[in-house]
Enquirer: 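Have a look at this one.
Quick note on labels: first sequence line is chain A, next is B, and so on, each numbered from 1.
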Amino acid sequence: MLENYIPIFIVFTFAMVFALLTVFSSEIIGPKRPSKEKLSPYESGMKPIGTAEERVSIKYYLVAMLFIIFDLEVIFIYPWAVKFKELYHGSAVTPAIGLPVFVSMLIFLVVFELGFLYAYKKGAFRWD
Amino acid sequence: MELAEILFLAFASIAVVTAIFTVISRSPVISALFLVINFGALSGLYLLLSAQFLSVVQVIVYAGAIMVLFLFVLMLLRPEKEDKYFVVNRKMKIFAVIVGLFLFGQLAFAIFASDIGQTVSIESSRSEQIGKIAYIGENLYTTYLFPFEAIAFVLLVATIGAIVISKKKLD
């Protein structure tokens with residue numbers, strides 16, 4: 001059973017190594033000859049005040065919250081997609097159900113998209 | 001060693017190390033990023049326990065969505081500017097060590113006092129099936145269809161609630 005997941009492990013490791021390599025390779029390979037002039041933000045410009053890390057707007061928070069909810073929707077579609085063919089046509093262990101399998105997911109999605117419609121109409125995605 | 005054992009040791013050590021870094025790093029954002037790696041390692045551990053669905057949920061929901069929310073909260077509030085939370089006085093330190101040791105003792109006792117392998121019931125062989133995505137798909141859309149549709153309504157309420165609370169100026 002675990003052997004089936006080896007390709008996924010390889011993909012994950014490759015992705016992680018690739019991401020770290022691209023981020024840090026320029027840091028490691030690139031030449032660094034800093035001087036006082038180079039490190040100053042502008043020649044004859046303003047000296048920086050405070051940190052570079054600004055506070056982010058609260059609007060991002062709403063987007064993140066809606067993202068969680070729609071992420072959960074994906075989670076519930078996933079087992080359905082895995083099992084759909086067997087439930088629809090039937091298999092050795094499960095009887096064929098047919099159209100109701102499709103309709104049940106459709107009801108789920110329609111109820112969900114009501115929330116999406118509400119968010120859209122209320123302007124949750126508008127960036128004013 | 002078997003493949004499963006090697007993977008377990010790898011994931012467990014990553015989980016422990018990143019958990020320690022989550023606690024000790026001064027910057028909350030760095031600490032949250034270590035928590036993401038910790039969630040990834042936990043997802044691997046779930047997979048080794050043949051809880052595949054939980055493993056996928058751990059990556060998609062926790063490492064993906066919840067950590068994004070955490071990071072936005074941290075970037076919004078900038079807690080590292082609140083210096084008063086980083087001041088550690090002597091009394092607090094002693095108390096923290098005592099409480100930590102107590103918790104450690106409790107956990108160690110719970111692990112070593114239980115006779116591992118003796119209390120596993122016959123039913124636990126079925127648990128290997130339960131964690132599988134196919135098993136969940138088989139039951140969720142047939143036997144538990146009504147709770148499944150109810151989830152849609154619960155999440156609909158959550159969507160509307162999130163918008164009503166955070167959007168003060170509704171138009």
Enquirer: What part of B:L140 is in contact with chain A, defined as an atom under 4.5 angstrom from a non-hydrogen atom: side chain, backbone, both or neither?
Expert: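 B:L140 touches chain A through side-chain heavy atoms alone.
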
Enquirer: If you count heavy-atom pairs within less than 4.5 Å of chain A, which of B:I151, B:T142, B:L71, B:I66 leads?
Expert: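 That would be B:I151.
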
Enquirer: Can B:V59 and B:F39 be said to form a side chain to side chain contact (heavy atoms under 4.5 Å, CB included), step by step?
Expert: CA-CA 7 Å; B:V59 170; B:F39 282 157; over 6 Å; no

Enquirer: Verify side chain to side chain contact (heavy atoms under 4.5 Å, CB included) between B:L3 and B:L7, making sure each step is shown before the conclusion.
Expert: CA-CA 6 Å; B:L3 178 70; B:L7 284 174; 4.1 Å; yes

Enquirer: Check the pair B:T18, B:L35 against side chain to side chain contact (heavy atoms under 4.5 Å, CB included), reporting the backbone distance first and the verdict last.
Expert: CA-CA 7 Å; B:T18 51; B:L35 198 58; over 6 Å; no

Enquirer: With sequence neighbours excluded, what pairs up with A:Y88 under the ring pair (Phe, Tyr, Trp, His ring centres under 6.0 Å) test?
Expert: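 Counting only residues at least two positions away or on another chain, A:Y88 forms a ring pair (Phe, Tyr, Trp, His ring centres under 6.0 Å) with A:F84.
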
Enquirer: Side chain, backbone, both or neither: which part of A:V101 has a non-hydrogen atom closer than 4.5 Å to chain B?
Expert: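 Interface part for A:V101: neither.
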
Enquirer: Is chain B contacted by the side chain of A:L87, its backbone, both, or neither, given a heavy-atom distance below 4.5 Å?
Expert: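 It is the side chain, since no backbone atom gets that close.
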
Enquirer: Mark yes when over 12 heavy atoms from residues, nucleotides or ligands other than A:F70 sit less than 6.0 Å from its CZ; otherwise mark no.
Expert: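 More than 12 within 6.0 Å, yes.
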
Enquirer: Test of understanding: with ring pair (Phe, Tyr, Trp, His ring centres under 6.0 Å), list the residues that count as partners of B:F11, not counting sequence neighbours.
Expert: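 With sequence neighbours excluded, B:F11 shows a ring pair (Phe, Tyr, Trp, His ring centres under 6.0 Å) to A:F9, given in chain and number order.
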
Enquirer: Between the main-chain N or O of B:S25 and the side-chain N or O of B:S31, is there a donor-acceptor pair closer than 3.5 Å?
Expert: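 Between the backbone of B:S25 and the side chain of B:S31 there is no qualifying donor-acceptor contact (under 3.5 Å).
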
Enquirer: Which of residues 109-116 of chain A have a heavy atom under 4.5 Å from any heavy atom of chain B?
Expert: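 The stretch touches chain B at A:V111, A:F112, A:L114, A:G115.
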
Enquirer: Walk me through whether B:S50 and B:K132 qualify under side chain to side chain contact (heavy atoms under 4.5 Å, CB included).
Expert: CA-CA 7 Å; B:S50 67; B:K132 284 188 177 152; 5.8 Å; no

Enquirer: With chain A as the partner, which of B:I60, B:I136, B:L145, B:V68 has the greatest number of non-hydrogen pairs under 4.5 Å?
Expert: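 Maximum pair count with chain A is reached by B:I60.
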
Enquirer: Taking ring pair (Phe, Tyr, Trp, His ring centres under 6.0 Å) as the test, write out the residues that go with B:F148, two or more places apart.
Expert: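 Testing B:F148 for ring pair (Phe, Tyr, Trp, His ring centres under 6.0 Å), a comparison that skips the adjacent residues, returns A:F108, B:Y141.
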
Enquirer: Can you tell me which of A:V63, A:I107, A:V74 forms the most heavy-atom pairs within a distance under 4.5 Å of chain B?
Expert: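 Ranked by heavy-atom pairs under 4.5 Å with chain B, first place is A:I107.
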
